[in-house]
Amino acid sequence: MAVPDSILVIGHRNPDMDAIASAVGYAWLLNEINETSYLPGRTGQVNSQTAFALDRFGVDAPALVTDVRPRVGDLSESLPTLNEGQTLLNACQTIARTRRPAPLLDAQQKPMGLLSGAGLFAHLAEALSSTSVLALAKEFDLPAETAVDSASTILNNEEFVRDVLGQVMRSDQDDFIVVDDNGRYVGLSRRATLMAPPHRKIVMVDHNELAQAVAGLEEAEVIEVLDHHRLSTIPTAVPIRFYVDPVGSCSTLVLERAVEVKKSFPAGIAGILLCGILSDTLVFRSPTATPRDYAAAIKLARMAKLTPAHADDEQAMKAISELGESLLASSAGLGNRSGDEIVSTDIKFYEESGFKVGIAQVEVSNFSELASRLDDIHEALQKLVDTQKLGLALLMVTDVVRGNSRLIAVGMPRIVTVLPYPRLDDDTLDAPGMMSRKKQLLPAVLAALAQAV
């Protein structure tokens with residue numbers, strides 16, 4: 001297995017509908033307009049809205065990528081091997097053909113050691129010094145294991161390259177056997193490649209912060225960012241293409257890019273991009289929604305064949321609204337989910353003023369289901385504060401029907417007490433008219449952090 005040649009297009013951790021849709025849509029578009037291959041990815045499991053949209057429009061979820069640090073297996077080459085019982089002549093022929101060492105495997109395909117050209121030469125030279133040429137010829141009929149280096153360092157294909165560099169540097173080998181978790185042969189990795197591994201190339205969509213990015217991004221190469229959030233960017237070694245615009249959804253930006261280059265999305269991809277807009281703008285109820293989101297939604301609805309080609313904008317918006325309400329209804333709400341699941345499904349982390357905070361959001365159709373879950377949620381938020389070393393953990397519970405939110409806050413008292421929201425009898429904070437974490441809640445939290453310093 002080699003380091004993937006394709007460039008990974010991927011959204012933020014705990015991916016929502018827009019993160020998945022924009023990754024799929026932008027990867028498709030980049031493949032259409034470039035010769036390089038682009039692969040959409042996701043950092044975690046799809047949520048209920050995303051599952052609904054993918055099923056509704058017949059689109060597969062992108063590949064799960066939880067870490068982009070190079071692994072040993074990414075740098076291994078599957079080379080010809082020798083089986084136990086084969087001869088030194090077989091070994092010589094294999095090494096001469098590949099110009100590389102040959103692993104010797106037992107009946108279970110587990111390595112017994114490595115045969116190199118230098119090792120074979122040394123073995124035969126020693127035999128020649130103590131016997132005749134005729135006797136030397138018989139050496140080639142001996143089993144290959146008579147010349148194998150059984151002390152060869154073996155690496156696991158799932159290990160991160162960074163974690164094995166110490167072993168590699170202490171060894172005098174030029175090639176290392178790579179095995180899987182069952183100890184079976186996978187391939188060989190060169191010392192030079194392990195010492196200077198290539199970096200995975202990444203296009204970030206729907207985020208630009210390291211704290212929200214796929215694990216291992218610091219060992220990857222970011223080549224482009226397409227986003228609609230606040231700036232808190234990662235450092236790059238060279239200039240990159242960087243586009244951030246305050247619209248309601250990253251899927252809107254993906255559609256606008258397609259329009260610029262005169263490309264039309266396949267119906268399925270258009271459908272999930274439309275769902276990305278509807279989810280992020282809460283069917284245009286969120287204050288983050290812009291006229292550009294409306295215009296993009298209408299274009300995507302037509303591409304997705306959600307409305308007849310001759311339908312006017314009013315008819316298109318009716319079909320779009322119906323899809324949007326079905327999409328929101330597919331949200332799991334609080335239901336029977338554990339407090340941990342409620343808090344972790346859609347959470348984003350931020351670092352500001354020396355504090356780290358986590359802000360989660362969940363959508364409900366009525367606050368009545370909140371009362372019986374408050375203890376579970378408080379416990380889950382406290383666990384998050386302890387494990388992630390947070391100054392503040394917040395859950396924003398949004399009533400998508402009435403357009404209001406309640407906040408559940410756990411963390412340092414000096415931060416919690418300066419949040420500008422009245423406390424209700426059930427110890428939640430009342431945030432009437434709040435629907436956007438990005439545009440309404442985050443600025444208030446950042447201001448509270450600055451005040452708490």
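Under a 3.5 Å cut-off, the side chain of D245 and the backbone N or O of V247 do not form any donor-acceptor pair. Judged purely by atom type and a 3.5 angstrom limit, S405 uses its side chain to pair as donor or acceptor with the backbone of M434. Distance alone, capped at 3.5 Å, places no donor-acceptor pair between the N182 side chain and the R184 backbone. Judged purely by atom type and a 3.5 angstrom limit, D206 has no side-chain atom pairing as donor or acceptor with the backbone of G11. Between the side chain of R337 and the backbone N or O of I342 there is no donor-acceptor pair closer than 3.5 Å. Between the D227 side chain and the V205 main chain, no donor and acceptor come within less than 3.5 Å of each other. When atom types are taken as modelled, the side chain of S286 and the backbone of M435 share no donor-acceptor pair closer than 3.5 angstrom. Under a 3.5 Å cut-off, the side chain of K439 and the backbone N or O of P287 do form a donor-acceptor pair. Judged by distance alone, the side chain of N156 and the main-chain N or O of V178 form no donor-acceptor pair under 3.5 Å. A donor-acceptor pair under 3.5 Å links the side-chain atoms of S331 to the main chain of L328, judged by distance alone.
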With side chain to side chain contact (heavy atoms under 4.5 Å, CB included) as the criterion, how do I10 and T43 come out once you've worked through the C-alpha distance, each side chain's angles and the decisive distance to 0.1 Å? CA-CA 7 Å; I10 195 164; T43 59; 3.6 Å; yes
Residues E224, R257; criterion salt bridge (Lys or Arg N to Asp or Glu O under 4.0 Å); working and verdict: CA-CA 14 Å; E224 183 175 354; R257 283 290 178 87; 3.5 Å; yes
Between V203 and I223, is a side chain to side chain contact (heavy atoms under 4.5 Å, CB included) present by the stated rule, with each step listed? CA-CA 6 Å; V203 174; I223 63 169; 3.9 Å; yes
Verify salt bridge (Lys or Arg N to Asp or Glu O under 4.0 Å) between E325 and R285, making sure each step is shown before the conclusion. CA-CA 11 Å; E325 296 308 322; R285 298 185 186 112; 2.6 Å; yes
Test side chain to side chain contact (heavy atoms under 4.5 Å, CB included) applied to L114 and L188, step by step: CA-CA 10 Å; L114 198 62; L188 291 183; 3.9 Å; yes
Determine whether L370 and I377 satisfy the following criterion, side chain to side chain contact (heavy atoms under 4.5 Å, CB included), listing intermediate values before the conclusion. CA-CA 9 Å; L370 183 58; I377 292 170; 4.1 Å; yes
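Residues D376 and S338 fail the side-chain proximity criterion, which asks for heavy atoms closer than 4.5 Å. Using a 4.5 Å cut-off on side-chain heavy atoms (C-beta onward), V357 and E352 make no contact. A 4.5 Å side-chain heavy-atom check between K356 and K389 finds every atom pair outside the cut-off. Looking at P111 and I154, their side chains come closer than 4.5 Å, going by heavy atoms from C-beta outward. In this structure the side chain of L407 reaches within 4.5 angstrom of the side chain of L441, judged on heavy atoms. Residues L384 and V343 have side chains in contact (heavy-atom distance under 4.5 Å, counting atoms from C-beta outward). With contacts defined as side-chain heavy-atom distances shorter than 4.5 Å, the pair Y421/D430 does not qualify. For the pair C275 and L323, the minimum side-chain heavy-atom distance is below 4.5 Å.
Side-chain polar atoms of T153 and Q173 form a donor-acceptor pair below 3.5 angstrom. With hydrogens and angles left out, the side-chain atoms of Q49 and S330 include no donor and acceptor closer than 3.5 Å. Under 3.5 Å, the side chains of K348 and H229 contain a donor-acceptor pair of N or O atoms. With hydrogens and angles left out, the side-chain atoms of T36 and N34 include no donor and acceptor closer than 3.5 Å. In this structure, a donor-acceptor pair under 3.5 Å is absent between the side chains of S189 and S76.
Of all the heavy atoms in I277 and A296, the pair that sits closest is CD1-CB, 3.8 Å. Shortest non-hydrogen contact noted between A27 and L39 is CB-C, 4.2 Å. Between S249 and D293, the shortest heavy-atom contact is N-OD1, 3.5 Å. For N14 against S344, the heavy-atom pair with the smallest separation is OD1-O, 3.1 Å. Across all non-hydrogen atoms, the minimal contact from P443 to K438 is CD-O, 3.4 Å. Between I177 and S152, the closest heavy-atom pair is CD1-CB, 4.4 Å.
Figure legend: cation-pi geometry between R230 and Y350 absent, as NZ or CZ is not positioned both under 6.0 Å from the six-membered ring centre and within 45° of its axis.
For F265, the ring pair (Phe, Tyr, Trp, His ring centres under 6.0 Å) partners at least two apart in sequence or on another chain are W28. Residues satisfying the side-chain contact (heavy atoms from CB on, under 4.5 Å) criterion with D399, sequence neighbours excluded, are F367, V401, R402. Residues passing the salt bridge (charged side-chain N to carboxylate O under 4.0 Å, His left out) test with E256 are R292, sequence neighbours excluded.
Ion pair R437/E363 not flagged as a salt bridge, since none of the NZ, NE, NH1 or NH2 atoms sits closer than 4.0 Å to an Asp/Glu carboxylate oxygen. Salt-bridge annotation for R302 and D313: present, with a side-chain N of the basic residue lying under 4.0 Å from a carboxylate O of the acidic one.
Note on residues 162-179: pairs passing salt bridge (Lys or Arg N to Asp or Glu O under 4.0 Å), not counting sequence neighbours, are R100-D175, R162-E219. Pairs of residues two or more places apart, or lying in two chains, that qualify as ring-ring contact (aromatic ring centres under 6.0 Å, His included) and include a residue from residues 275-312 are F284-Y294. Applying the salt bridge (Lys or Arg N to Asp or Glu O under 4.0 Å) definition to pairs two or more places apart or across chains, those involving residues 9-32 are E32-K263.
M195 CE to L165 CG: the interatomic distance, rounded to the nearest 0.5 Å, is 6.0 Å. Taken to the nearest 0.5 Å, the CG atom of L194 stands 11.0 Å off from the CG atom of D74. In this structure, I359 CD1 and L390 CG are separated by 10.5 Å, a value rounded to the nearest 0.5 Å. Here E341 contributes atom CD and N47 contributes atom CG; the two are 10.5 Å apart, rounded to the nearest 0.5 Å. Distance OG/S251 to CD1/I272: 8.0 Å, rounded to 0.5 Å. For the atom pair CG (L446) and CD (E351), the distance works out to 12.0 Å, reported to the nearest 0.5 Å.
Crowding of K201 atom NZ: a count of heavy atoms from other residues, nucleotides or ligands under 6.0 Å not exceeding 12. Around CG of D312, the count of heavy atoms belonging to other residues, nucleotides or ligands within 6.0 Å exceeds 12. Enclosure of atom NZ in K383 is not indicated, since only 12 or fewer non-hydrogen atoms of other residues, nucleotides or ligands lie within 6.0 angstrom. Applying the 6.0 Å contact sphere to CD of E221 captures more than 12 heavy atoms from other residues, nucleotides or ligands.
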